[in-house]
Amino acid sequence: MIRLWRKSLAIQIIGLTLAALIVSQALTFLISMDEYTKKFDAGVKAEFISRASSVTRLVESLSPPLREQALRASEGSYLRYWLTDSDPADPNAWRLAALSQLSRPLDSAVDPNGTLGWAGSPHPKLPNVDEVATANADDPWWTPTPYLWMLSQPTKVLQFSGSLGYGYKAQLGDGRWLNAAFYQHDKGSLWTSKPLISLGLTAIMLALISIFIASRIAQPLRNLATAAEALGRGQNLPPLLEEGPEEIRRTAQSFNKMQSRLHRFVEDRTKMLAAIGHDLRTPLTSLRLRAEFVNDEDIQRKMIATIDELQSMTEAAISFARGESIKEETRTIDLEALVGSICDDHADLGHPVTHVESVKMKYRCRPDSLRRALRNLVENAVRYGGEAKVSLRETPSTVDIVVEDRGPGIPDDMKEKVFAPFVRLETSRNRQTGGIGLGLSIVRAVARQHGGDISFFNGEAGMQAIISLPREGSVDAAPVRKERIWRLKKTSRSVQSAHSPK
């Protein structure tokens, strides 16, 4: 859940919105609950005193033999009446007497089935004796306001069991005292079905609104991330749409400007390298002509060899610059077929190149540049490792093109240096034993333009050169006949070919 929270902007917005809703509803509930309790108590008290006054008038109008019968008929599930000969002045004693009266069954005429009162109930809801004795121990009798009690009989009111029970006493004309006790076992709840339904509908509406807002924010960000990834791979994409809120528009505008500047920078650098390489041809040609007039044949041969090397490096630089300047479109290809075609081309030339069939895979890339990089690796493996074994494999995050040979490998301290332009492990600079030194530079440039990289691993039987490409470019993979000729051991992760850069 935490991972999903950190990953999804929509989940964060929805979660924060619902959390704000819950907190606001909780605060509203706490404030409303206090007001609701006060109003409920005031209403119950007013209703109790009003009913007690009505019963008092009724009892005063009846003869003594009929009073008990009238009081029993006026009782209810949570209301009891009784008469006492003396004034119940002690409020604590009256509360205990009220609890005893409330536990008394209703009259059979009022409750013929015995189901309305508490007596005999398996789950009585009356307070216990200790609660009644201690909850309002210090509260005395008090006189209700004239607005609530408008009769001439003197009366007193008290509370018991906190604020759940009310009692009153009133002196009748014959000197006896009428007592009444009411116990509200349930004050009700604000959380009824209607508020809960309203809260649920509000949460659903807020969630939908949050999803809409999050999608409006997240979609431009996803487009920006996709465009940035494609730009990092060297793909040529149209500018982002500059629409939406001001922040989104400004972000898209900034990205489009950055993309334009990067393309312009690369184009200017490429043109400069091509111009330098082109301009070097004239002085090199002049040097070659002058070398022809040198009489010492040994010096003449060395001078011409040096000039040839300079010319080769110049031509390679021009070729490298032209290769970078070509804006090849990205398209979907069969990566296994591309690897197989390169191996077949070298095999037709008589080179010891083996293709290990693995999986057919559709992959989005720039095939010409990828073909050029793979060809450089295969040629190096054949030249310096004696053979090349090429295979395609998948990992959870990458698609790897593996080129194996049986060469001595590349020293660890040279594995990074060999990618520098014009750097060769073979230091003789002999064209028969090596190239110019741009081969691995080209391979790394192509791999990184596709969002991947190249790495070398030395093993006991040789070396492996691995071009790792991100799986995001993978479109579809279908299993075919697999011939796992190579097996990597845990102690020796990979077997690599020692080859010098071209």
Side-chain angles (χ1 to χ4, degrees), residues 7-13 210-275 318-339 360-374 394 397-399 401 441-454 467-477:
K7 182 179 180 180
S8 175
L9 179 63
I11 293 297
Q12 292 183 16
I13 294 178
S210 300
I211 292 175
F212 174 73
I213 295 175
S215 63
R216 290 205 48 163
I217 297 175
Q219 186 58 46
L221 293 179
R222 284 194 291 267
N223 295 338
L224 178 62
T226 302
E229 180 68 18
L231 178 63
R233 297 183 184 182
Q235 298 182 22
N236 297 313
L237 296 179
L240 293 177
L241 294 178
E242 299 175 1
E243 59 183 11
E246 181 180 358
E247 292 79 3
I248 301 298
R249 289 200 310 270
R250 293 180 62 182
T251 302
Q253 291 171 358
S254 299
F255 179 83
N256 290 335
K257 291 179 180 178
M258 179 191 70
Q259 181 176 233
S260 176
R261 290 167 183 164
L262 286 176
H263 285 317
R264 187 165 59 249
F265 170 77
V266 172
E267 184 178 356
D268 292 343
R269 188 197 67 169
T270 303
K271 290 181 179 179
M272 180 187 67
L273 290 175
I318 295 174
S319 177
F320 180 68
R322 287 176 177 172
E324 282 198 341
S325 65
I326 296 176
K327 296 181 179 179
E328 184 183 358
E329 295 296 331
T330 301
R331 62 181 186 271
T332 301
I333 65 166
D334 187 341
L335 191 58
E336 171 68 14
L338 183 141
V339 173
K360 286 186 177 180
M361 177 180 295
K362 300 296 183 182
Y363 195 84
R364 286 186 57 80
C365 64
R366 291 182 294 281
D368 291 341
S369 59
L370 191 59
R371 182 188 300 273
R372 182 184 182 190
L374 182 55
E394 294 183 84
S397 59
T398 62
V399 176
I401 303 175
S441 300
I442 294 173
V443 174
R444 170 176 272 190
V446 171
R448 289 185 172 179
Q449 286 172 1
H450 284 80
D453 210 339
I454 179 175
I467 297 178
S468 298
L469 303 175
R471 286 185 63 90
E472 285 77 5
S474 177
V475 178
D476 178 55

Practice item. Identify, with sequence neighbours excluded, every residue that meets side-chain contact (heavy atoms from CB on, under 4.5 Å) alongside D453. Key: R444, R448

Review point. When rounded to the nearest 0.5 angstrom, what is the spacing between CG in L338 and CZ in R371?
Key: 4.5 Å

Point to revise | Atom pair NZ (K362) and CZ (R331), whose distance is rounded to the nearest 0.5 Å | key: 12.5 Å

Review point. Between atom CG of L335 and atom CE of M361, what is the distance when rounded to the nearest 0.5 Å?
Key: 7.0 Å

Check your understanding: When rounded to the nearest 0.5 angstrom, what is the spacing between CG in L370 and CG in L469?
Key -> 6.0 Å

Practice item. Sequence neighbours left out, what passes side-chain contact (heavy atoms from CB on, under 4.5 Å) with R250? Give chain and number order. Key: E246

**Study point:** For T398, all residues meeting side-chain contact (heavy atoms from CB on, under 4.5 Å), sequence neighbours excluded
**Key:** T395, D400, S468

Exercise for review: Under the side-chain hydrogen bond (donor to acceptor under 3.5 Å, both in side chains) rule, collect the residues that match up with Q253, sequence neighbours excluded.
Suggested key: none

Revision key, fill the gap. With sequence neighbours left out, the residues meeting side-chain hydrogen bond (donor to acceptor under 3.5 Å, both in side chains) with R249 are none

Exercise for review: Report the C-alpha distance between V446 and I467 in whole Å, list the side-chain angles of each, state the deciding distance to 0.1 Å, and finish with yes or no for side chain to side chain contact (heavy atoms under 4.5 Å, CB included).
Suggested key: CA-CA 10 Å; V446 171; I467 297 178; over 6 Å; no

Practice item. Hey, could you give me the OG1/CD distance between T251 and E242, rounded to the nearest 0.5 Å? Key: 10.5 Å

Practice item. Taking all heavy atoms of Y363 and all of P470, pick out the closest pair and write down the distance. Key: OH-O, 2.6 Å

Review point. Can you name the nearest heavy-atom pair linking P238 to Q259, along with the distance?
Key: O-NE2, 4.4 Å

Review point. Checking side chain to side chain contact (heavy atoms under 4.5 Å, CB included) for the pair I442/R372: CA distance, chi angles, key distance, verdict?
Key: CA-CA 8 Å; I442 294 173; R372 182 184 182 190; 3.2 Å; yes

Review point. Minimum heavy-atom separation for L240 to N223, with atom names?
Key: CD2-O, 4.0 Å

**Study point:** Distance-minimising heavy-atom pair for A447 and I454
**Key:** CB-N, 4.3 Å

Point to revise | Counterpart residues, side-chain contact (heavy atoms from CB on, under 4.5 Å), relative to I248 (two or more places apart) | key: P220, P245

